[in-house]
Q: 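Sending over a structure as structure tokens; questions will come in a sec.
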Number of protein chains: 2
Amino acid sequence: MIISGNLKTYVQKLRSSNLRPTKQRLKICQFLFNREKTFHFTVETLNKKINKNIGTKVSLATIYNTVEAFTSAGYLKEILTSKNKSYYDTNTKSHHHFYDEGSKELTDIHYSQIKLSKVPIPPKGKKIKNLEVVIRIQK
Amino acid sequence: MIISGNLKTYVQKLRSSNLRPTKQRLKICQFLFNREKTFHFTVETLNKKINKNIGTKVSLATIYNTVEAFTSAGYLKEILTSKNKSYYDTNTKSHHHFYDEGSKELTDIHYSQIKLSKVPIPPKGKKIKNLEVVIRIQK
DNA sequence: TATCTAGTTTATAATAATTCTAAACTAGAA
DNA sequence: TTCTAGTTTAGAATTATTATAAACTAGATA
Ligand SMILES: [Mn+2]
Ligand SMILES: [Mn+2]
Ligand SMILES: [Zn+2]
Ligand SMILES: [Zn+2]
């Protein structure tokens, strides 16, 4: 398999996620991180695209495991949209989304584009884990 | 089965949801709407509570169907929390929520308790369907 | 470089929530 | 009372995801 000049950064991402660099994982890294722009995906679409082109075959289980490991290591972010399918984002900065209920696609909203000027205090003993907004849109 | 004095309102809710008033559906109505305060539930908890006490047995399929019909008729609201389970709310007014990731419970936040002073314009041809915020909290 | 082993991959099974099916039942119009 | 479209139900099917366990491999060590 041909791995771009970013090999080192992939190995570093994998090692810091407690994963050995294998050819399956490097292929996933290349697909996820060898790009100009961040993007959103589901495991289903990732699996199809990873295994469409030639080269190393990657099982669905490995895709699930790697995505999960990258998510807990902070290299991917999980976005809650519909109840039936997990969406992930290679943009790990805090930001908001439009979710189009027709096309089922996510679009980034820069963090500064939504201003919450009033937010309630959480119940005592609890703290806010995350305050990212998903705005549902439709035709 | 004993149905409270709200029978007429249940029949009206059912009829306007294009459902005939059956004893199963009236039992569900009574459990959902014969209360002082609104509340949040999942199909799993609803099924357990409906079928715990004596009286008409209601199948899981009927519970799913009735909850779905009430949701599209606007008598229940679906709240998106986790990706694995649907949550519903008998409070159908527009409002926000805390979602406790530990206890997996929802708490209402009155609509006026969150102020969005800046909201982006949706992509052309699309409109905002709903802008209710779920704030994830934890210990 | 050969050996060894903990970590990895994979096909497949299991699980969990939800939806579908089709046969038996029933509300309510006639 | 009869009739039929709508309803209920048990169980099967579906879908996303997680678990299992046997075959493989990275990479540390001899
Ligand atoms: Mn579902
Ligand atoms: Mn799931
Ligand atoms: Zn994003
Ligand atoms: Zn609520």
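Proteins come first, then strands; the chains are lettered A, B, ... in the order of their sequence lines, and each starts at number 1.
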Q: Any idea which of C:dT9, D:dA26, C:dT19 is nearest the A:Thr22 side chain?
A: C:dT9
Q: Go through D:dT9, C:dG28, D:dT17 for me and flag the one nearest to the A:Leu60 side chain.
A: D:dT17
Q: Which nucleotide in the set C:dT10, D:dT7, D:dG27 lies at the smallest distance from any side-chain heavy atom of B:Leu19?
A: D:dT7
Q: Closest approach to the side chain of B:Lys57, judged atom by atom: which nucleotide of C:dT10, D:dT17, D:dA10 is it?
A: D:dA10
Q: For D:dT17 and A:Tyr64 - does any side-chain N or O of the residue sit under 4.0 Å from the phosphate oxygens OP1/OP2?
A: yes
Q: Can a side chain N or O of A:Arg15 be found less than 4.0 Å away from OP1 or OP2 on D:dG27?
A: yes
Q: Testing the basics here: between B:Gln24 and B:Lys57, what is the closest heavy-atom pair and its distance to 0.1 Å?
A: CG-O, 3.9 Å
Q: Is there a side-chain polar atom (N or O) of B:Arg20 under 4.0 Å from OP1 or OP2 of C:dG28?
A: no
Q: Which is more 5' along DNA chain C, the nucleotide nearest B:Ala61 or the one nearest B:Glu44? Just name the residue.
A: B:Glu44
Q: From NZ of A:Lys104 over to C1' of D:dA16, roughly how many Å is that when rounded to an integer?
A: 15 Å
Q: According to a strict under-4.0 Å criterion, is B:Gln24 in side-chain N/O contact with OP1 or OP2 of C:dT26?
A: no
Q: For C:dT18, does OP1 or OP2 lie under 4.0 Å from any side-chain N or O of B:Ser86?
A: yes
Q: State, to 0.1 Å, how close A:Lys13 and A:Tyr75 come at their nearest heavy-atom pair, and which atoms those are.
A: O-CE1, 3.5 Å
Q: Could you state the NZ-P distance from A:Lys83 to D:dT17, rounded to the nearest angstrom?
A: 14 Å
Q: According to a 4.5 Å side-chain heavy-atom criterion applied to Ile, Leu, Val, Met, Phe, Trp and Tyr, with indirect links allowed, do B:Leu26 and B:Leu32 form part of one hydrophobic cluster?
A: yes
Q: Roughly, in whole Å, what's the span from CG in B:Leu26 to C1' in C:dA27?
A: 12 Å
Q: Give the nucleotide from the list C:dT10, C:dT8, C:dC20 with an atom nearest to the side chain of A:Arg25.
A: C:dT8
Q: Grab the CG-P distance between A:Asn84 and C:dA16 for me, whole Å please.
A: 17 Å
Q: Taking only N and O in the side chain of B:Thr62, is any of them less than 4.0 Å away from OP1 or OP2 of D:dT7?
A: no
Q: When the distance from CD1 of A:Ile50 to P of C:dT9 is rounded to whole Å, what number comes out?
A: 12 Å
Q: Rounded to the nearest angstrom, tell me the gap between atom NZ in B:Lys85 and atom P in D:dA16.
A: 19 Å
Q: Under the criterion salt bridge (Lys or Arg N to Asp or Glu O under 4.0 Å), I'd like the reasoning laid out for A:Glu132 against B:Arg136: C-alpha separation, chi angles, the key distance, then a yes or no.
A: CA-CA 9 Å; A:Glu132 293 172 17; B:Arg136 264 138 234 294; over 6 Å; no
Q: Whole angstrom is fine here: how far is it from NZ in A:Lys27 over to P in C:dT10?
A: 10 Å
Q: How close do A:Gln113 and B:Pro120 get, heavy atom to heavy atom, and via which atoms?
A: O-CD, 3.4 Å
Q: Starting from P on C:dG7, measure out to CG on A:Asn18 and report it in whole angstrom.
A: 10 Å
